[in-house]
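Both counts, for ligands and for their atoms, begin at 1 and track the order of listing.
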Amino acid sequence: MDLKSGLPFWLIRNGLTKDYLTLDDNIETEILIIGSGITGALCAHFLCEAKVKCIIVDKRMASTGSTTASTAQLQYEIDVFLFDLIEKVGEENAVKAYRKCLESIYTLEKIIKKLKIDGDFDWRSSLYLASNAAGLKDLKKEFDVRKKHQLPVTLLTQKQLKSKFNIDKKGALYNDCSAQIDTFKLCNAILDYHKKHSGLLVYSHTDVVKIVNKKDHIIAHTANKNTIKAKKIVAAPGFESQNLLKEKVIQLNSTYVLVSKPMKPNDFWKEKCLIWETARPYIYIRTTEDNRIMVGGFDEPFQDPERRDKLMEKKNEAILKRFKKLFPDSKIEIDFYWCGTFGETKDGLPFIGEHKDHPNMYFALGYGGNGITFSVIAAEMIKDLYIGKPTDSDLFSFDR
Ligand SMILES: Cc1cc2nc3c(=O)[nH]c(=O)nc-3n(C[C@H](O)[C@H](O)[C@H](O)COP(=O)(O)OP(=O)(O)OC[C@H]3O[C@@H](n4cnc5c(N)ncnc54)[C@H](O)[C@@H]3O)c2cc1C
C-alpha cells in the first residue's frame with residue numbers, strides 16, 4: 001500500500017536515519033514484532049524492559065510508514081466526543097478509554113526521560129474551537145461530561161477566546177495537558193536504544209507474507225523465503241493490517257499536511273497551543289521545534305493514492321485559506337507538504353490484543369487521529385498480556 005506522498009517534513013529534518021539489514025537467514029526468537037513504526041517500536045520497548053527477547057521486522061526502511069507522515073499531536077481527546085463514545089461503548093468504558101489516552105501522554109514522557117532519548121517531546125496546551133453554533137452546543141455538552149468525570153478541561157467563551165488567544169470563534173475547549181513530538185525521531189531513537197542496550201534485533205526490507213501456527217509456536221515466512229520462529233507474534237503493521245487480518249476493521253482515509261517556512265517569534269499565537277476545530281472537514285495546527293507552523297486536515301474518505309495525490313495542490317489551498325481565516329494577519333508561506341493515509345474505526349477506539357482466529361498473535365492496531373496515544377496503550381497492554389498481568393484489553397477487543 002502506498003501510505004504517503006510528497007515531502008514529509010520529519011524525513012527531511014532528520015535526514016536518513018540508520019537503516020538495518022535485511023533478514024537473510026532462518027531465525028528464532030521469543031517474540032516477533034511485525035512493523036517498526038512507532039507502535040512496533042513501543043511494543044519492543046515494553047517487551048525489552050520486561051526482559052523478553054524480541055525481533056522486529058519491517059518491509060520498508062525502519063519507521064518510514066505512517067509514522068513519518070504524522071503531525072504527532074498528543075491529545076487525550078479522541079476524534080469521537082466523549083458523549084458520543086458513551087453512546088457507543090457505555091459510560092464506564094468510554095471514560096476509561098479517555099483516561100488511558102491522558103495517561104499515555106505521561107507514559108510517553110516517562111519513557112523518553114528514562115531512556116534519555118530525544119523525540120522533541122513538548123507539553124502544549126490545546127484548543128478545540130467551536131466553528132459554529134452547532135459546534136459550540138456540542139462543546140458545551142462535551143464540557144459537562146468531561147467535568148463530571150474529572151477530565152482536565154476548561155470552556156472558554158467567545159470573549160475569553162478573543163482576549164486570551166486573539167481567535168475569533170464562538171468558544172473553545174481548552175486543556176493544558178497535551179503534547180507534541182517528532183514521532184519519526186522518537187521511533188528511531190527507541191529502536192536504536194534497545195538495539196544497543198537490550199539486544200533487540202531489527203531487520204528492514206523484510207516482508208512477512210505468510211504466518212503459520214503450530215502447536216506451541218508460530219512461524220512467519222518472509223518474501224525472501226526465510227522463516228522466523230517465535231512463541232508469539234505482535235502485529236503492528238499500521239494501516240496495512242488487512243494483509244494479516246481477514247476482516248475489515250478500518251475505514252481508510254486520506255489526509256493532507258503542510259509546513260510553513262520558519263516564522264518570527266511574534267508570528268505565533270499564545271502558548272503555541274495545539275488547535276483543532278469542530279468543523280468537518282477540519283484543520284489541525286501545531287508548531288515545530290524550528291519555529292514553523294504545521295497545518296493538516298481536509299481529509300477525504302478514500303485511500304486511492306492516485307486520486308489522493310491529484311488533490312494535493314487543491315487541498316493545500318483549502319488548508320491555507322482556513323488557516324488564514326483563523327489568523328488573518330499571518331504571513332504563513334508553504335515550505336513542505338505531503339499527504340498520508342490514516343484509518344478510523346466505527347467507535348474511534350483501537351483494536352488491541354488477541355484475535356480468536358489468530359492464535360499466538362497480539363494485534364496493536366492504534367487507529368484514528370490519536371494513533372500515537374493508542375500505540376502507547378497497545379504496547380504496554382500487550383506486554384502485560386504476555387507476562388500474564390491483568391489488563392483492560394476488553395475495552396479494545398475485536399469483539400467489543
Ligand atoms: C498525516 C497524518 C497525521 C497524523 N496526525 C496524528 C496526530 O497528530 N496524532 C496522533 O496521535 N496520530 C496521528 N496520526 C496517526 C499516527 O501517525 C499513526 O497512528 C501512527 O504513526 C501509526 O504508527 P504504526 O507504527 O502503527 O504504523 P506505521 O508507522 O505505518 O508502521 C507500520 C509498519 O509496519 C510495516 N509492515 C506492514 N505490514 C508488514 C508486513 N507484512 N511485514 C513487514 N512489515 C510490515 C510497514 O512497512 C510500516 O513501516 C497521523 C497520521 C497521518 C498520516
key: D357 with K246: basic N within carboxylate O range, under 4.0 Å   = no

key: N/O separation below 3.5 Å, S36 to ligand 1   = no

query = Does any N/O atom on L74 come nearer than 3.5 Å to any N/O atom on ligand 1?
reply = no

query = With distance as the sole criterion, is a donor-acceptor pair present between the side chains of N14 and N188 under 3.5 Å?
reply = no

task = Would you mind running through ligand 1 and noting each atom that sits below 4.0 Å from a heavy atom of R60?
result = 46 (C), 47 (O), 48 (C)

request  = Identify the residue among L32, I34, N360 that makes a side chain to side chain contact (heavy atoms under 4.5 Å, CB included) with I211.
outcome  = I34

note = Within 4.0 Å of some non-hydrogen atom of E240, the atoms of ligand 1 are 37 (C), 46 (C)

inquiry  = Please compare A41, A69, A378 and report which has the shortest non-hydrogen distance to atom 2 (C) of ligand 1.
reply    = A69

task = Using a 4.0 Å heavy-atom cut-off, say whether T183 meets ligand 1 through its side chain, its backbone, both or neither.
result = neither

message = I'd like to know whether ligand 1 has T68 as a neighbour, heavy-atom separation below 4.0 Å.
response = no

key: Residue A72 vicinity, atoms of ligand 1 by number, heavy atom under 4.0 Å   = 5 (N), 6 (C), 7 (C), 8 (O)

Minimum heavy-atom distance P262-R292, with the two atoms named = CD-NH1, 3.6 Å

message = If I apply the N/O under 3.5 Å rule, does T39 come out as touching ligand 1?
response = yes

ask   = Between E300 and K315, is the closest basic N to carboxylate O distance under 4.0 Å?
value = yes

Residues E240 and K59 bridged, charged N to O under 4.0 Å = yes

request  = Look at the rings of F327 and W269 and say which category their plane angle falls in: under 30° parallel, 30 to 60° tilted, over 60° perpendicular.
outcome  = parallel

message = Can you confirm, on distance only, whether ligand 1 has an N/O atom lying under 3.5 Å from any N/O atom belonging to Y284?
response = no

ask   = With a cut-off of under 6.0 Å to the ring centre and 45° to the axis, is R322 in cation-pi contact with Y282?
value = no

Under 3.5 Å: N/O of K59 near N/O of ligand 1 = yes

inquiry  = So if I count the atoms of ligand 1 from 1 in the order they appear, which ones are less than 4.0 Å from some heavy atom of T255?
reply    = 1 (C), 2 (C)

query = Which bit of S375 gets closer than 4.0 Å to ligand 1, counting heavy atoms only: side chain, backbone, both or neither?
reply = neither

Short N or O distance, I38 and ligand 1, threshold 3.5 Å exclusive = yes

key: Nearest-option assignment for atom 5 (N) of ligand 1, heavy atoms, candidates N370, T71, V57   = T71

Ligand 1 contact on V209 by region, counting heavy-atom pairs under 4.0 Å = neither

ask   = Short list, please: which atoms of ligand 1 are under 4.0 Å from a heavy atom of G366?
value = 19 (O)

key: Atoms of ligand 1 close to D207 [distance to a heavy atom under 4.0 angstrom, numbered from 1]   = 40 (C), 41 (N), 42 (N)

task = Go through ligand 1 atom by atom and flag the ones less than 4.0 Å from a non-hydrogen atom of I372.
result = 10 (C), 11 (O), 12 (N)

ask   = Have E247 and H355 got a donor and an acceptor in their side chains that come within less than 3.5 Å?
value = yes

message = Below 4.0 Å from ligand 1: does a non-hydrogen atom of A236 turn up there or not?
response = yes

ask   = Is it true that E289 and R13 have a side-chain N and a carboxylate O under 4.0 angstrom from each other?
value = no

message = If you take the nearest heavy atom of each of F239, W338, F342, which one is closest to atom 18 (C) of ligand 1?
response = F239

query = Should K148 and E91 count as an ion pair when the cut-off is N to O under 4.0 Å?
reply = yes

remark   = One finds that the ligand 1 atoms under 4.0 Å from a non-hydrogen atom of G35 are 33 (C), 34 (O), 35 (C)

message = Centroid separation under 6.0 Å, is that true for the rings of F336 and F9?
response = yes

task = Name the option, out of I33, D299, I34, T67, that contains the heavy atom nearest to atom 29 (O) of ligand 1.
result = T67

request  = State whether D399 and K356 are salt-bridged, where the test is any N-O pair (Lys NZ or Arg NE/NH1/NH2 against Asp/Glu carboxylate O) under 4.0 Å.
outcome  = no

Salt-bridge criterion met for K113 and E109 (N-O under 4.0 Å) = yes

key: Nitrogen or oxygen atoms of G371 and ligand 1 under 3.5 Å apart   = yes

ask   = For the residue pair Y128 and F81, is the inter-centroid distance of their aromatic rings smaller than 6.0 Å?
value = yes

ask   = Could a heavy atom of V257 be found less than 4.0 Å from some atom of ligand 1?
value = yes

